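The next block holds one structure in the form of structure tokens; read it before the comments.
From a predicted model like this one, the values you see are computed outputs, not experimental measurements. Values below: every heavy atom of this structure, side chains too, minus hydrogens, waters and symmetry copies.
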Amino acid sequence: MGITERKARQKADLRARILEASRAIVLADGFAGLTMRKIAQAIEYSPGTLYLYFEGRDAIAHELCIGGFRDLVAALTPVAAVPEPRARLEALADAYIRFGLEGPETYRLIFMEDPTIVKAIYERPEAGGPDDPGAQAYRLLSAGFFELQAAGRLKPAADPLVLTDAFWSSLHGVVSLKLTCPGFPATPVEILVPTLVGSLLDGMLA
């Protein structure tokens with residue numbers, strides 16, 4: 001390994017350490033507790049060093065959220081290949097719920113921690129582009145509704161994007177309730193989710 005490659009690797013490793021330490025701080029203290037000084041103490045570097053890798057605290061927070069969305073895309077992608085659109089949406093719903101309940105720290109990080117951070121992610125220039133993981137996750141869900149519309153299986157006035165929003169919102173409701181109020185709803189997730197998803201799709205389809 002040459003000097004250039006070694007420096008690039010060292011830089012990538014330190015950047016990863018910064019994000020790992022930042023994630024631990026956010027999970028313990030929330031985004032409000034994330035400061036450059038606290039991160040620097042965690043990795044035993046000076047605060048000034050952090051600015052060689054990130055513009056500031058908000059840039060780190062944004063990167064943590066984007067990483068969470070990448071994890072969500074990775075969880076949804078395996079079932080996105082189901083050919084029949086309704087069955088695919090059902091499978092995506094199951095994968096989404098599992099992602100949230102099996103990785104509550106990541107889910108809270110990207111959806112339940114600081115709305116101003118997530119809002120800023122959606123407002124950045126590359127938001128909605130092909131490489132934006134949040135947009136990728138959304139398109140995995142919306143594709144099923146567009147395919148159902150193309151096949152004439154949606155109600156005539158149905159808007160696939162509105163249905164996607166309603167579908168996602170319902171799934172988020174289940175995850176957020178189970179994370180914040182474990183005893184409510186009392187119905188087990190294994191029964192609740194198929195009932196919810198089936199009722200939603202029955203109401204959306206022609």
Side-chain angles (χ1 to χ4, degrees), residues 65-104 106-113 115-206:
C65 286
I66 291 170
F69 278 113
R70 292 194 188 101
D71 292 342
L72 174 59
V73 171
L76 298 179
T77 297
V79 297
V82 174
E84 200 282 315
R86 173 168 179 151
R88 187 192 319 148
L89 287 167
E90 293 170 344
L92 286 167
D94 287 340
Y96 185 101
I97 298 295
R98 285 199 309 273
F99 170 81
L101 298 184
E102 294 176 4
T106 297
Y107 195 87
R108 289 179 185 274
L109 191 69
I110 59 178
F111 289 121
M112 302 173 66
E113 182 58 49
T116 61
I117 297 295
V118 178
K119 182 175 182 289
I121 288 176
Y122 283 111
E123 292 176 347
R124 71 196 201 286
E126 61 270 31
D131 297 325
D132 176 21
Q136 290 171 354
Y138 187 86
R139 285 192 290 267
L140 289 176
L141 292 178
S142 65
F145 289 107
F146 278 108
E147 290 178 31
L148 289 169
Q149 182 185 55
R153 295 174 61 188
L154 292 184
K155 293 182 177 179
D159 182 335
L161 295 181
V162 173
L163 298 185
T164 303
D165 290 347
F167 195 71
W168 191 316
S169 298
S170 299
L171 300 179
H172 172 69
V174 172
V175 176
S176 61
L177 279 173
K178 287 297 185 181
L179 293 184
T180 57
C181 309
F184 179 82
T187 303
V189 171
E190 294 78 12
I191 298 174
L192 178 63
V193 174
T195 301
L196 172 67
V197 172
S199 298
L200 284 172
L201 294 177
D202 286 344
M204 294 170 175
L205 296 179

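None of T164, T77, L89, V79 except one satisfies the side chain to side chain contact (heavy atoms under 4.5 Å, CB included) rule with L140; the exception is T77. With V193 as the fixed residue, the side chain to side chain contact (heavy atoms under 4.5 Å, CB included) test singles out one of T187, I97, V175: I97.
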- Run the numbers on F167 and L201 for side chain to side chain contact (heavy atoms under 4.5 Å, CB included), then give the verdict. CA-CA 9 Å; F167 195 71; L201 294 177; 4.1 Å; yes

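Looking at Y107, its side chain never comes within 3.5 Å of a backbone N or O of S176 through a donor-acceptor pair. The closest donor-acceptor contact from the side chain of R108 to the backbone of L179 lies under 3.5 Å.
Using a 4.5 Å cut-off on side-chain heavy atoms (C-beta onward), T106 and L72 make no contact. By the 4.5 Å heavy-atom criterion applied to side chains, L148 and M204 are not counted as neighbours. Here the side chains of D202 and R86 are in contact, with some heavy-atom distance below 4.5 Å. The shortest distance between side-chain heavy atoms of F145 and D159 does not fall below 4.5 Å.
Across A95 and A75, no two heavy atoms sit closer than the pair CB-O, 3.8 Å. Counting all heavy atoms, side chain and backbone alike, R153 lies closest to P85 at NH1-CG, 3.9 Å. Across L196 and S170, no two heavy atoms sit closer than the pair CD2-O, 3.9 Å. Minimum interatomic distance between A137 and V73 (heavy atoms only, all atoms of both residues): N-CG2, 3.8 Å. Across all their heavy atoms, G152 and A206 have their closest contact at O-CB, 4.3 Å.
How far CD of Q149 is from CG of L163: 8.5 Å, rounded to the nearest 0.5 Å. Residue Q136 holds its CD atom at 12.5 Å from CG of L141, rounded to the nearest 0.5 Å. With rounding to the nearest 0.5 Å, the separation of CG in D71 from CD1 in I66 is 12.5 Å.
In terms of the side-chain hydrogen bond (donor to acceptor under 3.5 Å, both in side chains) criterion, residue partners of E147 (sequence neighbours excluded) are, by chain and number, R88. For P185, the side-chain contact (heavy atoms from CB on, under 4.5 Å) partners two or more places apart in sequence, or in a different chain, are L177, K178, L192.
Between W168 and Y138, the ring planes are parallel. Angles under 30° get that label, and only those over 60° would be called perpendicular.
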